[in-house]
Amino acid sequence: MPKVTYVATDGSRCTIDATVGDSVMATAVRNGVPGIVGECGGNMSCATCHVYVDAEFAGPVGPPGDLEDAMLDLGVSDRRETSRLSCQLAVSDALDGLVVQTPEEQG
Ligand code: FES
């Protein structure tokens, strides 16, 4: 089972055994990870699932698609190079050990 670690702005970490194919957002919501709300249920219309992907995983995760990119521009106040909507990140064995940080505005 791939693991995903969520890092809060205070530095606290929460590591979850995730299911391949689930989104990083759904994994967080199901396990009560603070700071990831997933208000729209993964339809790319709320941006309450915004995370910063750890630099180590930026390559394997890849860039956002066009719609996600537009939503990040519109819905996120502190967008960074590694910003992603976690509802668009699928858990996979290739991403085992993935680390994402919750933005301060969602803390
Ligand atoms: Fe709404 Fe990701 S859950 S944009």
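Just so you know, these numbers come straight off a predicted model, no measurement behind them. Just follow the structure's listing: the first ligand is 1, and inside any ligand the first atom is 1.
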_Heavy-atom closest pair, residues Asp78 and Tyr52_ = O-OH, 2.5 Å
_Quick test of your reading of the model: are Asp17 and Lys3 salt-bridged, counting only N-O distances below 4.0 Å?_
yes
*Nearest-0.5 Å distance that lies between atom CZ in Arg30 and atom OG in Ser23*: 8.0 Å
*asked:* Let me confirm one number: the CE-SG distance from Met44 to Cys87, rounded to the nearest 0.5 Å.
replied: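 That separation rounds to 6.5 Å.
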*Which protein N, O or S atoms does atom 2 (Fe) of ligand 1 have within a distance shorter than 2.8 Å?*
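Atoms qualifying: Cys49 SG, Cys87 SG.
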_With a 4.5 Å cut-off on side-chain heavy-atom distances among I, L, V, M, F, W and Y, is there a chain of contacts connecting Leu72 to Val51?_
no
*asked:* Looking only at side-chain N and O atoms, does Ser45 offer a donor or acceptor that is under 3.5 Å from a partner on Asn43?
replied: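 No donor-acceptor contact under 3.5 Å links the two side chains.
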